[in-house]
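Note sheet for the following structure.
What's counted below: heavy atoms across the whole structure, side chains too, no hydrogens, waters or symmetry copies.
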Amino acid sequence: MKTKSMKKKIFTLLLAACMVFAFGLSACSDGDAGAGGGGGGAGVTGDFSQPARDLSKGPIKIAFVPLGASGPTMPTAMRGYYDALGGEDNGIFTIDVFDSQFDTTKQIQIMQDLITQKYDAIILEANDPNAVNDVIHDAEVAGIPVITRNMAATGPKIAHGLNSDYRAGYEAAKYIQANAGKADDANVVILDVVPELKPTTRMGTGFEDYLKENTSWNLLETQPVTDTSQENGNTIMSTLLAKYDDIDIVYTVNDDVAVGALQAIESAGRENEGIVIWGYEGHPLALQAIKEGRIYGTSFCDVYKQSYSTMILIQYLMQTGITAANLGMEYTPLIEYSTVPTVQGNIDEVLSAAGVKLE
Amino acid sequence: MAEQKIVLRTEGICKSFNGVQVLKDVDLEVLSGEVHALMGENGAGKSTIIKIITGVYVKESGQIYIEEQPVEIWSRQDARGNGISVIYQELSLVPELSVTENIFLGQEIMGRFLPDRKEMRKRVQALIDRYEFKINPDAIVATMGMATRQMVEILKALSIDAKIIIMDEPTSALSTAETEKLFSTIDTLRAKGVSILYISHRLEEIYRLADRLTVMRDGINVGVLDHDEITPERVTTLMIGREVRKNEKTHLREPNKDHVLSVKHLKYRDLLSDINMDAYGGEILGIGGLVGSGRTELIKCIYGALKQSGGEITLDGKPVNKVIAKNIVGGMGLVPEDRRTEGFFPVLNIAENLTVASYDLLAKTGIISAKNEKQFAADAIRDYDIRPTTSTVPVGNLSGGNQQKVVLGRWLSRKPKVLLLDEPTAGVDVGVKAELYRLMEDLAEQGAIIIMVSSDLEELVNVSDRILIVHKGRFFKEYLYENASQNEILLASSGVDTGKGRLL
Amino acid sequence: MNAEKGKFLKAAGSIWGQRVTILVAVIVVMAIVQPRFFSSGNMLSILLAIAFYGVIASGMLFVVLIGGIDLAVGSEAALGGTIFTMYVLAHDMSAGTFFTAFLLAILVAILVGLLHGFFDAYLGMPSFVVTLATQYALYGLTQYITKMNYLPVLNASGLFYQLGNGKLFGIPSPVIWFVILAVIAAFVLKKTPYGRRIYAVGGNPHAAELVGVSSKFHKMTAYIICAVTASIAGMLLVSMNMVSSYKMAAGYEGPVLMALVIGAVNLMGGEGSMGGVFFGALLVGIINNMLILIGIDTDYKEFVQGCIIILAVAINVYTSRKSQGLVDQKRRRMPWLNRPKRGAPDG
Amino acid sequence: MVLKPKTIRKLITIGLVIAMALLFGMSTESFFTVRNITMIFRDASYVGIIALGVSFVVIGGGIDLSANGIVCFVGMACARLGVLAGFPAPVIVIVGLLAGALCGYLNGLAVTRLHLSEFITTLASGYIFAGFAVFLVFRENGNVASAAVTNKAFLALGGHIPHTYIYISSVVWVLLAIVVYIIQTKTKFGLHTVALGSNPKSTMMSGVDIDFLKLIGFVLAGLFCGIAGIFQVAYQSASTLTLGDSMGFQAVAVCAVGGVVLGGGKGDAMGAFLGALFMVILLNGLYKISPSPSIQFIFQGLIILVAIFFDTWFNRMMEKKLFSDAVRKRKNQTPLGAVKAEG
């Protein structure tokens with residue numbers, strides 16, 4: 001009776017609206033890739049003449065867009081940048097930090113904003129290798145050199161500082177195999193990032209690849225740790241300890257999780273089983289534990305040196321006005337900042353070399 | 001008057017609720033173009049017959065005729081379909097929508113895809129012009145006062161070319177000016193041949209508006225009066241029937257003068273202008289008056305629930321506190337009028353509802369002692385015969401009578417010095433009523449002051465030792481138990497001084 | 001009358017009956033699939049995992065009971081923990097500093113609670129959107145005072161260290177705090193007038209006023225209790241991790257709400273017990289633990305949690321409606337449906 | 001011409017938006033550039049389109065927090081199809097829309113058939129739909145990986161309208177706002193939704209099928225989340241699982257700022273549109289004044305508080321005006337004495 005027909009009418013109306021909407025949308029977008037449109041893709045060349053900058057005068061604004069604007073390594077990174085620019089109050093250069101909070105859309109919005117505000121250089125930690133290509137391309141077209149760090153981005157850009165995650169994982173596995181003296185069929189557990197961040201934070205993948213290719217270790221499990229936080233690392237590690245009797249190697253995606261895993265092992269009373277824990281990046285708590293021999297080692301990123309050298313490179317690029325676009329580069333020049341495998345043995349000299357002191 | 005055909009007629013309508021016969025063979029007749037009034041005490045079956053005609057309840061036997069055609073009414077939809085529409089006290093309008101949208105809600109006139117606004121607006125304007133309402137069809141209801149909203153409700157009824165409009169206590173929320181506006185609207189409707197069934201307590205309204213009046217008592221239609229037959233005496237005798245004193249007072253308690261709650265020149269907004277009274281220990285003081293004459297506001301001011309605008313209240317000489325919690329500790333208690341919203345806590349169980357006001361007794365050390373609480377609840381359940389007897393049952397699932405017993409028991413178990421009751425036995429079956437009266441008498445026996453606001457004339461007359469009638473913001477008349485009669489009280493409530501009783 | 005009485009006992013009994021059956025089911029499954037579930041280490045790890053948002057849940061219960069909600073518990077915990085750490089770092093590891101830092105964090109929490117209480121009780125603003133706004137504001141505030149840095153505490157010792165890492169008879173201190181706060185909350189709600197009045201305000205605010213219960217006072221105190229428990233959770237977290245960051249405890253309102261809902265707490269107010277909340281928190285911890293032990297692909301952890309919430313809510317709604325005989329509510333809500341068939345005898 | 005309360009409320013919000021834009025415009029010169037304005041409209045279009053959909057549910061007296069799950073799921077579904085270049089763009093869009101509508105339908109069923117409380121059910125279904133997205137994600141030997149969407153026509157959706165700076169998504173957002181406004185104020189469905197939100201009992205008594213209304217409300221909310229998901233994926237040219245993060249709560253906050261308040265019956269599509277614009281201008285402007293995220297978060301929180309306070313106060317004023325008439329209870333009438341007093 002009445003309501004039944006009304007229901008059918010509303011549903012057909014809805015469906016029709018969808019069809020019209022869909023076709024309408026795609027019709028108006030069938031045009032060519034469009035100058036401003038997406039789909040930049042690799043290998044676009046064009047004349048991007050850009051005047052060389054005289055770095056001695058005028059305010060020069062440099063933007064640093066990390067994945068997450070906090071973390072134990074932030075202060076050292078900023079110190080590295082400012083030292084390369086001649087101290088915080090050098091009067092010419094200013095550095096602004098934009099926190100993208102691990103959100104790709106936000107990162108792209110920030111980048112576009114920097115272009116409109118005509119920043120002079122951008123240091124970017126990409127949140128998604130493919131999503132940022134177009135916006136890097138726009139920046140380069142606008143004559144702003146973009147250096148990406150840690151997470152790779154597939155499109156071409158002036159330089160990519162690669163103390164990358166993948167390599168750190170790969171090297172860590174190699175170092176452990178060579179020096180930790182673990183049996184060939186050692187049991188391995190990886191505490192990795194949550195699925196969403198897997199494409200960009202690839203230490204776990206690097207460690208796993210090395211493990212599969214050159215060792216006969218037995219990978220028990222890979223567990224994601226939400227927010228890579230210390231307490232979640234602690235909980236998940238203690239569950240794994242309950243699940244497996246003998247765990248030989250624990251590879252963690254960062255030092256917070258490593259310290260968490262250590263706490264789990266100690267509260268389970270299994271600290272004397274010689275479980276090798278390997279972290280990443282070199283946070284103060286982990287470095288202290290390494291000194292005391294409770295954590296086997298970590299891939300120490302000499303953040304200070306990396307940021308110092310990155311800033312020197314940027315000054316050079318700004319001065320010469322070179323960008324990947326105007327050089328017509330097809331690929332991205334890679335600058336490898338190798339992470340330094342740091343263990344109890346070499347920790348003192350590594351820290352003194354990096355100018356980091358454990359107060 | 002021109003020969004009027006019968007618009008609505010009911011014949012032999014019967015209805016009973018769990019065994020209690022509420023309507024016995026009720027015949028009702030409304031002519032076209034007539035304003036037919038319906039009066040009767042609470043519980044006389046007045047609202048039940050209306051609910052049956054409008055499809056809220058389903059009748060057990062009897063037949064309803066619309067314009068002499070037998071009709072079957074099972075639901076609100078059927079009632080509306082047959083041209084019967086109702087205007088309740090809480091209006092059914094949607095404040096956010098315009099007048100036209102409200103009137104056609106659920107039955108919009110459709111154009112091709114969208115509702116045909118022009119057509120609907122035209123029809124509403126036609127109605128407005130026809131009945132000389134002064135309303136803008138596009139105005140939003142939220143911007144309107146109560147009276148104008150009622151006119152929109154009437155328009156809504158007229159829009160489905162209702163043959164009869166039933167109005168249930170429409171003036172209870174209106175100011176004097178707004179009531180006058182409603183009366184002139186009703187006059188124009190009558191002139192245009194619309195028949196109205198008007199339900200009200202107020203004699204003067206009936207006299208002013210009604211062509212004919214049907215009076216109901218105890219589920220029976222006891223008489224139909226023509227306009228000129230409507231006199232206060234005829235109406236009250238019909239409503240009350242022969243005076244019978246059900247429970248003769250066994251003995252009259254001597255009120256003890258030194259335990260007194262006295263109220264001097266109490267003023268509350270523009271409702272209560274100058275209230276003066278003294279209530280003595282060991283006496284049940286009944287307060288009569290019409291619905292909306294401010295009796296609830298009076299006892300809430302005493303209790304501290306409302307802030308009075310003037311005057312002062314003292315108990316045994318000491319001024320009464322303004323904070324409810326302190327009054328409770330001081331021995332006061334209030335059984336509110338609306339059980340569901342102000343009385344009990346539906347989710348909490350019987351024990352918790354009973355003890356919620358008595359933590360000063362049960363938790364002297366700051367911790368509720370389970371033993372005392374269980375004992376307190378068990379005593380209450382036994383003394384006040386609350387069923388079911390397990391104290392873990394949520395009160396929300398109890399019957400009306402038991403819920404009222406819980407709310408009353410909450411205070412009685414505290415042995416209060418002053419107990420204020422507001423319509424204590426509304427909606428409670430006769431058996432439970434007698435129990436509640438006995439409990440009140442026992443409490444009075446122990447010397448407590450009891451002030452009972454009630455619209456149930458029989459209850460007022462039989463239970464109270466002394467009765468005060470509120471009229472026009474002040475106490476108008478005082479009756480003692482001996483010379484009180486339901487007739488007198490009803491007249492006094494409307495301001496008629498028949499000589500008996502003390503004029504204040 | 002006895003039928004009616006039996007029905008309610010069965011319904012009340014059945015809520016805990018349900019919970020026991022769920023626990024038995026878990027025990028049976030785990031005994032077969034992964035007996036290691038029962039090792040003391042694993043049990044402790046579950047308890048430690050749920051300790052933090054369990055502490056918050058026992059405070060949030062008060063707010064939900066009075067018909068409000070507090071989405072800003074995550075930011076409150078981060079703020080409390082950060083202030084606690086900054087004060088200790090600025091001074092020393094002595095017991096005196098520890099207590100002043102502890103009180104300072106509690107004081108800040110009380111301030112936040114007062115704010116929430118004022119917006120809800122006096123201004124009548126909807127607590128959902130208000131606490132959503134304060135969640136952003138407090139998150140930004142913590143970020144601002146820490147200048148977006150981590151605050152590692154390298155030389156943690158004394159009470160600061162014991163708060164998060166101490167052990168009593170082998171039980172980690174956060175778990176002890178959770179159990180203590182849960183017991184206090186249960187006691188206050190069950191045994192004290194204040195607790196009973198919280199239920200009253202949640203159940204029927206008008207009736208509460210007429211029984212001498214000030215709903216404004218109880219709403220204010222409920223929000224304060226919730227903010228204080230969140231701050232305590234933040235301090236426990238900071239002390240255990242020995243590092244504090246503004247991102248800490250972000251998003252804790254998710255598991256806390258889950259614990260409340262699985263614990264059969266009615267989000268509209270007036271209904272719910274601390275026992276239920278404890279069970280809810282425990283079940284959330286057990287589920288996360290089981291996912292790992294059984295080895296279900298943990299990419300779907302949140303998906304499984306979502307399904308369990310829907311299941312828990314459906315069971316609660318079904319049992320409560322059944323006990324009130326509302327299951328055939330459609331009949332009552334739409335009387336025109338119960339029109340007898342033509343010609344069928346009436347009634 | 002007497003102004004409807006709703007129009008007064010909207011004029012004030014428009015005034016606020018313009019005032020804020022001027023404030024930011026003066027303090028930083030890069031605010032009023034064409035590029036920046038188009039970017040504001042693009043950023044606002046994502047949360048704005050979702051807010052339009054959610055406004056149906058909120059006006060009807062409910063709430064829908066599952067936006068983040070639906071956006072993520074639809075985004076991943078389109079990315080999946082987008083990678084296989086073979087699928088023509090319209091097909092991808094249709095699949096996206098239907099996926100969104102389906103999620104909304106599931107929400108609607110849970111609320112109307114199972115009588116579950118809307119708040120916690122949509123919060124949980126947000127997680128569940130995000131779980132569907134994880135099911136569809138690209139994986140390289142078991143690990144979640146990101147893959148670039150290669151379907152050119154589909155990607156163009158996320159970009160500009162050819163030869164202009166205006167983004168397709170912002171144009172669609174404005175058009176949808178107008179369509180939704182018409183639906184909510186002119187069609188029968190719209191009026192019934194407002195009635196349901198404002199006075200459920202009388203709506204039911206007027207013979208309106210309430211369950212069907214709620215169901216359609218949720219389906220539309222899901223559909224609009226689908227549209228937002230499509231645009232975001234096309235713009236990002238890759239779908240990550242972080243798509244649509246915290247959109248569920250953002251959309252409700254935006255509606256609240258725009259006057260579409262929880263509880264129902266209040267506000268309309270224009271309010272939701274202005275709320276979205278207001279929030280994004282706030283964030284965009286704050287960005288320019290101080291890039292540090294902490295200031296932004298603090299101001300974002302404060303502005304929502306101010307908007308909510310203003311709204312609660314405004315509604316109270318309207319109610320107070322109504323009750324003041326009714327409270328003046330009727331004083332008693334002329335004494336009946338005037339009536340013939342004899343026997």
Side-chain angles (χ1 to χ4, degrees), chain B residues 55-61 72 74-78 300 303-305 323-329 332-336 338-349 352-353 355-360 362-363 366-370 373 387-390 392-394 396-398 407 410-411, chain C residues 1-9 11-13 65 67 187-215 217 266 268-273 320 323-326 333-343 345-347:
Chain B
V56 177
Y57 292 159
V58 177
K59 65 182 179 349
E60 273 146 27
S61 65
E72 286 304 317
W74 306 105
S75 72
R76 289 186 182 83
Q77 258 58 28
D78 297 343
K300 278 194 172 172
Y303 188 61
V323 175
I324 296 178
K326 295 230 171 23
N327 286 344
I328 293 176
V329 171
M332 264 199 191
L334 168 73
V335 177
D338 183 344
R339 269 194 309 275
R340 183 150 292 283
T341 51
E342 289 177 328
F344 58 85
F345 303 95
V347 176
L348 299 185
N349 64 34
E352 284 158 353
N353 265 284
T355 58
V356 76
S358 310
Y359 294 135
D360 53 348
L362 298 170
I367 298 165
I368 301 171
S369 89
E373 186 183 22
R387 270 191 298 279
T389 52
T390 47
T392 53
V393 167
N397 304 340
L398 301 186
V407 174
R410 172 188 302 165
W411 299 112
Chain C
M1 269 312 152
N2 284 348
E4 199 174 325
K5 185 173 69 178
K7 187 163 71 176
F8 291 124
L9 280 186
L65 278 178
F187 178 81
V188 164
L189 284 175
K190 267 277 171 296
K191 279 275 178 266
T192 63
Y194 173 78
R196 288 291 176 77
R197 291 188 178 126
I198 286 276
Y199 280 100
V201 167
N204 182 345
H206 299 298
E209 289 293 336
L210 288 180
V211 184
V213 171
S214 136
S215 57
F217 167 77
N266 177 347
M268 291 307 138
E271 234 178 323
S273 71
S320 65
S323 70
Q324 286 151 20
L326 293 179
R333 202 153 42 88
M334 299 178 187
W336 54 83
L337 292 183
N338 48 28
R339 172 176 307 180
K341 302 290 168 299
R342 278 287 166 269
D346 175 15

Quick check: do B:Glu72 and B:Asp78 have side-chain heavy atoms less than 4.5 Å from each other?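 B:Glu72 does not reach B:Asp78 side chain to side chain.
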Can you find a heavy atom in the side chain of C:Glu209 that is under 4.5 Å from one in the side chain of C:Ser215?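 Result yes, sub-4.5 Å side-chain heavy-atom pair found.
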Apply side chain to side chain contact (heavy atoms under 4.5 Å, CB included) to the pair C:Phe217 and C:Tyr194, showing each step before the final yes or no. CA-CA 10 Å; C:Phe217 167 77; C:Tyr194 173 78; 4.1 Å; yes
For the student: nearest non-hydrogen atoms of [X] and [Y], plus distance:
X: B:Glu342; Y: C:Asn204; result: N-ND2, 4.4 Å
X: B:Ala305; Y: B:Ile324; result: CA-CD1, 3.8 Å
X: B:Arg410; Y: B:Val356; result: NE-CG1, 3.6 Å
X: C:Tyr199; Y: C:Gly272; result: OH-O, 2.5 Å

Where does [X] contact chain C at under 4.5 Å (heavy atoms): side chain, backbone, both or neither?
X: B:Glu373; answer: side chain
X: B:Ala363; answer: side chain
X: B:Ile328; answer: side chain
X: B:Ser369; answer: neither
X: B:Val347; answer: side chain
X: B:Tyr303; answer: side chain

If you tally heavy-atom pairs under 4.5 Å against chain B, which of C:Leu210, C:Val188, C:Thr192 wins?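 So the answer, after comparing C:Leu210, C:Val188, C:Thr192, is C:Leu210.
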Between chain B and each of C:Gly203, C:Gly212, C:Ala200, C:Pro193, count heavy-atom pairs under 4.5 Å; write down the option with the most.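 Sorted descending by pairs with chain B, the first entry is C:Pro193.
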Would you mind telling me which of B:Leu348, B:Thr341, B:Leu334, B:Asn327 has the largest number of heavy-atom pairs within less than 4.5 Å of chain C?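 Most heavy-atom pairs within the cutoff with chain C belong to B:Thr341.
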